[in-house]
Amino acid sequence: MAIEPTELIWLDGELIPWDQANVHLSVHALHYGSSVFEGVRAYDIAGTPAIFCLDAHIRRLFNSCKVYRMEIGYTPEALQQACVETVKVNGLTSAYVRPLVFRGSGTIGVDPRPCPVHVAVMTIFLGRYLGPEAIEQGVDVCVSSWGRMAHNTFPANAKIGGQYINSQLMKMEAVENGYAEAIAMDANGFVSEGSGENLFMVREGVVVTPPLASSILKGITRQCVMTLAADLGYTVKEEFITREMLYTADELFFTGTAAEVTPIRSVDRIAIGAGHRGPVTEQLQTAFFDIVSGAAEDRHGWLTPVN
Ligand SMILES: Cc1ncc(COP(=O)(O)O)c(C=O)c1O
């Protein structure tokens, strides 16, 4: 997971060397979490990169910025182009693309509006987020003692840097206790999501995922997997999930740009289903990975070729 520098970073309209992409200690984002970001993957399709759901990610970035009153000085199309260009100039065939909008220097006050808004695009290499074996073997997770934010504290559906302090608490606790990841409950005690992933449950052949009302990020991979599940003929439902429903599920899995589609084999040391990847999860993984590897046709128009 260590960052390996690439050559160039796009910052405020210019491609600059990695080592020169620095900020001053006084930037507002560093003190108060006032940054908005996206995580996007570019997949290697026959030796050339193609960016997955770029349009949806940039749309979500603009929506997050709107909530926090951050004016991006570029059009969505220009920012999409900046992502494409940054992958291209760094010669990457697959990449994790990190568009980042942040409040710069201007005030020590909490009100961020006197601070200029900067926009950057960083590209790095990213392997399997939850470990190399996770995709096949699944991960062991716990229910976090930290809850997800209530809707009137932070907007879960705006991807703001400061909110990830909650994710950091969840993740640290999980790893310290020997788990790969944590699942948090929402403020009403229903299952919400992982520290950086959405959650799915399979029960009696039905694919279920918590609704937006459970303080989740409206994941783009979540949306794609719901589409793929429907394509395969499954009934897909957004429903409140309780903690004990996790333990008794036939299958559980995470979705996310970083985690892709990762099976969950245990929760709080209780085996889920047979204790390994279930058949529906595997079928959905195949459907997903076939598209992002180019083995299946991109029938939903999710891929933006870089060249
Ligand atoms: C808290 C949280 N939930 C869910 C997701 C999954 O969202 P997506 O599929 O858009 O990457 C992410 C990753 O961005 C996340 O950080």
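First listed ligand is number 1; within each ligand, the first listed atom is number 1. Only this structure's heavy atoms are used, side chains among them; waters, hydrogens and symmetry mates stay out.
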Next on the checklist: Among all the protein's non-hydrogen atoms, which is closest to atom 9 (O) of ligand 1, and how far away is it?
Outcome noted: T221 OG1, 2.6 Å
Ligand 1 contact on [X] by region, counting heavy-atom pairs under 4.0 Å:
X: K159; value: side chain
X: A258; value: neither
X: R148; value: side chain

For ligand 1 and [X], I'd like to know whether there is a polar contact (N/O to N/O, distance under 3.5 Å).
X: T255; value: no
X: S167; value: no
X: I220; value: yes
X: Y164; value: yes
X: H57; value: no

Checklist entry - F190 ring centre to R148 NZ or CZ under 6.0 Å, with the angle to the axis within 45°? => result no
Checklist entry - With hydrophobic residues grouped by side-chain heavy-atom distances under 4.5 Å, do V36 and F102 end up in a single group? => result no
Item to check | side chain to side chain contact (heavy atoms under 4.5 Å, CB included) evaluation trace for D140 with R265 | outcome: CA-CA 6 Å; D140 301 307; R265 65 182 176 196; 3.0 Å; yes
Checklist entry - When you check the side-chain N and O atoms of N90 and T123, is any donor under 3.5 Å from an acceptor? => result yes
Next on the checklist: Measuring from atom 5 (C) of ligand 1, which candidate in G219, G256, G196 has the nearest non-hydrogen atom?
Outcome noted: G196
Checklist entry - Under 4.0 Å from any heavy atom of E193, which atoms of ligand 1 are there? => result 1 (C), 2 (C), 3 (N), 4 (C)
Next on the checklist: So if I count the atoms of ligand 1 from 1 in the order they appear, which ones are less than 4.0 Å from some heavy atom of S195?
Outcome noted: 1 (C)
Checklist entry - Does ligand 1 have an atom under 4.0 Å from some heavy atom of A156? => result no
Item to check | SB check R128 E133 (cutoff 4.0 Å) | outcome: no
Item to check | R222/E193 ion pair, N-O < 4.0 Å | outcome: no
Checklist entry - When you measure from the side chain of E251 to the backbone N and O of T281, does any donor-acceptor pair fall under 3.5 Å? => result yes
